[in-house]
2 protein chains.
Amino acid sequence: MAGMADGRAAKGGKPTLRDVAELAGVSSMTASRVLRGDPRASAATRERVQAAADELGYMPNHMARSLRLGEGTGLVGLLVTNLANPFYSQLALGVDSVLAPHGLKTVIANTKQDPVTERELVDDLVARRVDGIVAVPASTDQRHLATAAAGGVPVVLASRPPEGFEADCVLVDDFGGARRATEDLLAQGHRRIGFVGSPRTVYTGTERLKGFTDALDAAGLPVDERYVRQGQKTTGEATLAARELLSLPDPPTALFCSNNRNTIGAYHAIRAAGRSTALTGFDDFELADALGLPLTVVAYDTDQLGRRSAELLVSRIRPADRPPSGKPRRITVPTELVTYNSGGKQVR
Amino acid sequence: MAGMADGRAAKGGKPTLRDVAELAGVSSMTASRVLRGDPRASAATRERVQAAADELGYMPNHMARSLRLGEGTGLVGLLVTNLANPFYSQLALGVDSVLAPHGLKTVIANTKQDPVTERELVDDLVARRVDGIVAVPASTDQRHLATAAAGGVPVVLASRPPEGFEADCVLVDDFGGARRATEDLLAQGHRRIGFVGSPRTVYTGTERLKGFTDALDAAGLPVDERYVRQGQKTTGEATLAARELLSLPDPPTALFCSNNRNTIGAYHAIRAAGRSTALTGFDDFELADALGLPLTVVAYDTDQLGRRSAELLVSRIRPADRPPSGKPRRITVPTELVTYNSGGKQVR
DNA sequence: CTGTTAGCGCGTTCAA
DNA sequence: TTGAACGCGCTAACAG
């Protein structure tokens, strides 16, 4: 049972159609037909071929097949910066769950936030002839994606809009969510609110900062630059940034964070400071309800973000019904304000 | 800039080597050589070919190439049950970070805990001629993986040993970690300790239960079946199971959970019960330090688990130096006991 | 019902 | 230095 099959396999590779055909005493064409369920084959040969295939443990070579048929590879690239971030892994699962039923497989392209790596990965995906790409590009320089798209590879952006080229995208209501969360803090009486967010080059960070400042403006409050910290990529960096804000002579009474990394980092800083500071952040996350201090988050369905993105992509890859109009589509996922405190979870 | 290239591309696919060759007025062979950096080409033709390639936006077809070369596909399958579980996404990142420098790409195969899906996914990976598979199979029925391995596809198991066939694997010290954690609870004076764990079919769950019971045995304590709950796969299910234990007439004073899902679920049950119950769990996780009650976890390096697995796989795929002996290798990742409480983090 | 021819895109081998 | 032939594994299209 554990032993290899005979002859052919010893030559290194896996058994081919011809190996099956020879063993069954038919042409490779006949073998091909039988194994593919083509009815044009006598019951007798059908059995012989099937037996031969079983004996050899034959598995059709998907690549050679798609090469011949001129089909795609059935591969879809997923470009993210850090798969260990729950946001990206949930997104990945959402994407894959939609792709899988279509026979499409998700290929990981993790950029580690490095622009050079990102460009190389996109080129690699194109060279591998992926049928499409779902991307969360790190910066607004998306020339590599533009090139891929111009080369005929469908591209869908998740949580960022395309810059400098046309593509479908699924966005989160960054501006609206951030503004509403900030309004909420203002309504609670906070007047000195710190902002702890992503680098300026990141779309969501910028957009959420806009929502933040817009709410302050509307309330007639100035935006104090001293209270704004941007550029943190890890929870550790976020903790340091938040600590700085809390150490200011006139420290903020509330912090608004632009993503889960910064929120968690800020949480640690607040705990360490021991002072009571209100905390609000974009992105929901596991255990947000367990932190032991009131926390408000701008929540949205990350899984849906992934699913929608994949659906848009699939509609380009397999224009089942009428192909979608060439025009780029833009979907926006809504947000809701969720407050966790000792009283439990409260959705607004 | 946004416009397609000319003629050829309109025919649907991407430009091929021959398109480049024609445009450059040379044979496809010459084009191939130039684009691959083969020195055997005059400077003149070299330039013409390069110019033609640039103009067409030519990218070599990686698949066709590897088919011709008889090389592998450069694809590695990653079989996991739930990528949204931080354990698996960290593992994925560890795996991918080792594979990437070798030009290998990670293909996601998410089984959703379904054995049928798992089998289909493995077959699909084999059909796609992946160069290898890193797998965390859901159950002890690993016949599909055994078949793949027998067919010549290198397989490495992460956090589970192979069952019924030979393969490399990287394990966690499940037994030792669980026993030590249980001993720790016993040392604190706990005599009624509940166990909240994975289904019996899962290796780690069983092994960790063994460590748990072994510690009890050594202390001369009986294992009370009423205090053992197995089969929870989600935090929600785990919360219910833990609640049941806490509702027992003679409830446990401590809970030991066999993985991060169960620990988080049990945490919620303990909070809801309002009673003081010691909590210890296998797997470290983000915010474990922030739960507001003392928590001890059996921690290990998930990233390393992934990296080691990938390294073993790579050594089989690309036997750089002397190929590793055919004998299956088994690596065990150590654990450490980490306690989080108001005093901070304490490693033992 | 079955086999032959041809070729997907590419690169090795051999000849010119 | 360059090109022609051949084949990787597979399958449409066309014989037979």
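As a basis for the values below, the full set of heavy atoms in this structure was taken, side chains included, without hydrogen atoms, waters or symmetry mates.
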Closest to side chain of Met29(A), choosing from dC10(C), dA13(D), dG3(D)
dA13(D)
For Val26(B) and Arg68(B), take the nucleotide of DNA chain D holding the closest heavy atom to each; which residue's nucleotide lies nearer the 5' end?
Val26(B)
Between Glu163(B) and Thr140(B), is there a donor-acceptor pair closer than 3.5 Å when you use the side chain of the first and the backbone of the second?
no
Output all residues satisfying salt bridge (Lys or Arg N to Asp or Glu O under 4.0 Å) with Asp114(A), sequence neighbours left out; order by chain, then residue number.
none
Under-4.0 Å side-chain N/O to phosphate OP1/OP2 contact, Arg65(B) with dG11(C):
yes
For residues 133-152 of chain B, pull every pair meeting salt bridge (charged side-chain N to carboxylate O under 4.0 Å, His left out), keeping only residues two or more places apart or in separate chains.
Asp141(B)-Arg143(B)
Tell me every residue that passes salt bridge (Lys or Arg N to Asp or Glu O under 4.0 Å) with Asp96(B), counting only those two or more places apart in sequence or in another chain.
none
Once side chain to side chain donor-acceptor pair (under 3.5 Å) is applied, what residue pairs with a partner in residues 145-162 of chain A remain, sequence neighbours excluded?
none
Give the rounded distance in Å between these two atoms: CG of Leu17(A) and P of dC8(C).
19 Å
Side-chain contact check for Ala64(B): nearest option of dG11(C), dG9(C), dT4(C) is dG9(C)
May I have the distance from Lys14(B) (atom NZ) to dC10(C) (atom P), rounded to whole angstrom?
11 Å
According to side chain to side chain donor-acceptor pair (under 3.5 Å), who are the partners of Thr45(B), at least two apart in sequence or on a separate chain?
Ser42(B)
When you measure from the side-chain N and O atoms of Ser27(B) to the phosphate of dG3(D), is any distance below 4.0 Å, counting only OP1 and OP2?
yes
Qualifying salt bridge (charged side-chain N to carboxylate O under 4.0 Å, His left out) pairs with a residue from residues 125-134 of chain B, counting only residues at least two apart or across chains:
Asp124(B)-Arg128(B)
I want to check one thing: is the phosphate of dG9(C), taken as OP1 and OP2, less than 4.0 Å away from some side-chain N or O of Tyr58(B)?
no
Over how many whole Å does the gap from Leu67(A) atom CG to dG7(D) atom P extend?
17 Å
One thing to verify: whether Asp38(A) and Arg40(A) come together as a salt bridge, which I'm taking to mean a side-chain N less than 4.0 angstrom from a carboxylate O.
yes
Describe the nucleic acid contact of Leu69(B) in one word from base, sugar-phosphate, nothing, applying a heavy-atom distance below 4.0 Å.
sugar-phosphate
Using whole Å, report how far CZ of Arg129(B) lies from C1' of dC10(D).
11 Å
Separation of Met63(B) atom CE from dG11(C) atom C1', in whole Å?
17 Å
Could you tell me, to 10°, how much the axis swings from one end of the helix from dC1(C)-dG16(D) to dA16(C)-dT1(D) to the other, five pairs per end?
50°
Could you give the CZ-to-C1' distance, from Arg18(B) to dA4(D), as a whole number of Å?
14 Å
For Arg46(B), salt bridge (Lys or Arg N to Asp or Glu O under 4.0 Å) partners two or more places apart:
none
Under 4.0 Å from OP1 or OP2 of dT2(C): is there any side-chain N or O of Thr30(A) that close?
no
Please list, in numerical order, the residues of residues 31-50 of chain B that have a heavy atom closer than 4.0 Å to any atom of DNA chain C.
Ser32(B), Arg36(B)
